[in-house]
Amino acid sequence: MRADLKAFATSVLKSLWGSFFLITSLYCLLAFLPYTNHMFIQAPPYMWLALFAKYHVLLYWLAVLCAAVGFWPQESRPAYVLLIGAQAVVGVYLIFRPLAVNLHSDRKALIGALAALVPIILMGLWDTGRRLATMRRENLRDFQYRYAPVLYAAVITAVIFFAAGQILAGSARGKFSPSDSDLMILAWSAILLVILGIFAVSALNVMGMMAARMPRPRAARIVLMAVAAAFLVRTLFLRFCAEAFSFEGLAAQVYCALLGTAVVLLVLVLSLPLMAAQRDIAGESMILNVRRPLHLGAYLLAGSLCGAALVLPTVLGGGDWNGFLEHAYAILFWILFAACVYSLRPVRAKHSLLKIIAIVVLAVASLKALQTTEIFWGRSIGKTDDDIARAFDRYSARDASFDIAHRLLDTSRAEPCGDMCRIMRQYTDLRDVRVNADVDLVDRLEPTTGNKPNIFIFVVDSMRPDYLGAYNSKVTFTPNIDALAHDPNSVAIKNVYTQYAGTSLSEPSIWSGMLMLHAHWMQPFSRLNSLEKLARTDGYKMIMSKDALLSELLDPSDDLIDLDPNKRWNQMEACTTVGNLEAKIDSGAAQGKPIFFYSQPMNVHQFARNNQPRGAASGWRAPVELGFDARVATEVHQVDGCLGTFFDYLHKKGTWDNSIIILTSDHGDATGELGRSSHSLWIYPEIMHVPMIVHLPPALRAANTYDDSHPGSLLDVAPTLYELLGHRPVKANPMFGRPMFVGNPAQEPAPRNELFMASDVRAVYGILDENGRYLYVIYDSPAKSELFDLVADPNAQHNIITPAKKREYDLRILAWLQQEAKFYQYQPRTASFWTP
């Protein structure tokens, strides 16, 4: 018992040490990539990230102390002294040159990501090597794993994760009602997991046969398993990096290989002492077979794993970016749950190599046969192969276990991308892009001689138009926004889109009024910032809720009022902001100048963290029975109440009829109803279609007309304000937006029939074509191309792409990318280790 407790205590210390270095490595990797550098490093959405960076040096020394105690050898070992001493020397260096503070998207961050894995690898190799060297020369010829337990584990796993997805859907939609297609996909999920389990058990048994012929069978078996596990971790994380933010190339290969090695060595460092202690109790190593298993502990662990799997998707909600946590947990569940099942049925098996090969061949043949005949057995899922494939993709969005198996067994759709993807990546997530000259929407920007109405711009992050009564007759929970839209001097423009699927490029495009290079972000941005130039030229007092992104976009010399200082971006919310705005106006902070107000409240955003009361607290309930997502509807209803208070305030102040009010969103969000989740990573109608409600002073409304028959863009906000304030004509340039309102219909720009679209994270580009009828999108990883007829298929669920159409649209996307590069005088760089 004493040895067991000691092994447990040292493993805890080692886990703290290893976790610190793994988190440090991932933190530096996020800093290296331009998009994640802004979203997670420069503007951390969670307090613990900021605290981790602030106290990194102190945490480093605590980690080294944990390692010094946890790895303490029974006798003097020079390697121990050398390794701990080297970490201490690095700790002294960090005191004077902290790593985590002010990390930038450069090679220093990548070096830090790689270097943080080195202590785990070196200590892991030393500790694992000395433990393997002491293992007995036991005969393993008689031990192999049985196939039956993995079949039980696979089926139970499929059911548990299916139930978790149904619980998540039920909590959002107010009902738990799996369809026939859902049940058929559940069966397919179980089959995939069974086949994957057969492959895993077969690989373990083959490695056991190989190890049995070596001088130290137990040690050899562990080494072979570790190598296979490291390769698997490397493959999974490499795929995640490619799909999450197009991080590929030599740097990604090296990093993921080192990460896989470090993770597996850390697992061995933690588990081998516990195995040795358990061996002393049970008489045999846990990695082989426990003859006297602790049944109660196995049942408790299995039950805990299942319980956590059931509630995790609902608890995380939209806060799991790209599903990273759910996918990581699914892999952990596979391993631990299978171990529990095997420990409860510790029966040895004997398989010949020929039998193992036959089982694998049968599994592969069965998989291919089912794939080939899916059009017959999958009729309840879809009428065509494409329908079935899309149904699997939709199901993958809420079942991380199925998604991993789906991809590992290569049953998901993918296509060769080649040079097209390579070129797209050359134009994506660019770093260190400079603006060499001012770019202006008009030839000469001079102070206006006409009226200067107050300007209030509300960009409600992630708010979709179908959650507003002005756009959807089923909505009854936005009375104030609907009243704004129905005001005689207001217009609810229905055919408006964002050209960027996420905030980090969409918000800069609103301020600039022009297409942006895929950079986070071009500097100095003041040379492109059309709204900032307008406010300065016309003498507006800038009052805004200044988030971390605006801090990068606005000139530091601006004389502005920040309504929400010291708030993280995901804490910005409408109620506090408009309350502070009213207080500033009442206090005379505008100094008699017209007001230019901008705010991007995060109430509806999936990562929102604010302390405003939810609908349930006031007795209001979201109408989930009508198909609305409970969280989103509740947040939109809350925003509506806050904005209604402000609109009443403007009426009481007598400034309503001298105000331009623009209510829009930087993008929408996929909330799971179509099997798609989140934004930034995808281009779909529910993400790209945005509301646009514009209220004008009566004189301006009477003097201007608008055309809603052609697609509009968020790029049009800045040109519209230029036009309304008399700064005209806005230059006719395909890179620029265009006024939504014009005083003389004869001067209206030529109709816009297509919009170029992009993800703000990775190499995903699209074209909204033929006046909004067709939507084409190409993804780099996994490579796929999709074309939707939005007239016949408004939810974009049926891909109608043909080779000829793909070639046509790919060439048009390349033309747009080259046009942007030429406009900004940017020369794409050849990929290198430091700039993938």
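One-based numbering along the sequence shown.
- Remark: the H327 side chain and the D403 side chain contain an N/O donor-acceptor pair separated by less than 3.5 Å.
- Side-chain N/O atoms of H689 and N495 include no donor and acceptor closer than 3.5 Å.
- Between the side chains of N799 and E786, no donor-acceptor pair is found at a separation under 3.5 Å.
- For Y500 (side chain) and L515 (main-chain N/O), no donor-acceptor pair under 3.5 Å exists by modelled atom type.
- Without hydrogens or angle criteria, S665 side chain to V459 main chain gives no donor-acceptor distance under 3.5 Å.
- Between H406 and F392, a ring centre-to-centre spacing shorter than 6.0 Å is recorded.
- A side-chain donor-acceptor contact under 3.5 Å links D708 to the backbone of K494.
- Side-chain contact check for D669 and T671: no donor-acceptor pair (N or O, by modelled atom type) lies under 3.5 Å.
- Of the possible polar contacts, none joining the N795 side chain to the Q797 backbone as a donor-acceptor pair under 3.5 Å is found.
- Using modelled atom types and a 3.5 Å distance limit, the side chains of Q600 and D547 yield no donor-acceptor pair.
- Judged by distance alone, the side chains of H518 and D429 never bring a donor and an acceptor atom under 3.5 Å apart.
- For T428 and S246, the side-chain atoms include no donor-acceptor pair closer than 3.5 Å.
- In this structure a side-chain-to-backbone donor-acceptor pair under 3.5 Å is present from S759 to S680.
- Between the side chains of Q499 and Y497, not a single donor N or O lies within less than 3.5 Å of an accepting N or O.
- The number of heavy atoms from other shown groups lying within 6.0 Å of NZ (K822) does not exceed 12.
- Side chains of Y776 and D810: a donor-acceptor N/O pair is present below 3.5 angstrom, by distance only.
- When atom types are taken as modelled, the side chain of Y467 and the backbone of D629 share a donor-acceptor pair closer than 3.5 angstrom.
- Environment of NZ in K383: sparse, with no more than 12 heavy atoms of neighbouring residues, nucleotides or ligands closer than 6.0 Å.
- Listed for the N771 side chain is a donor-acceptor partner under 3.5 Å among the backbone atoms of S709.
- Screening I813, L775, V777 for a side chain to side chain contact (heavy atoms under 4.5 Å, CB included) with M757, the sole residue that qualifies is L775.
- In summary, the side chains of S462 and Q606 do not present any donor paired with an acceptor at a separation below 3.5 Å, with no hydrogens or angles considered.
- Checked by atom type and distance alone, the side chain of R762 pairs as donor or acceptor with a backbone atom of E243 at under 3.5 Å.
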Side chain to side chain contact (heavy atoms under 4.5 Å, CB included) assessment of R812 paired with Y765: CA-CA 11 Å; R812 290 167 67 178; Y765 294 96; over 6 Å; no
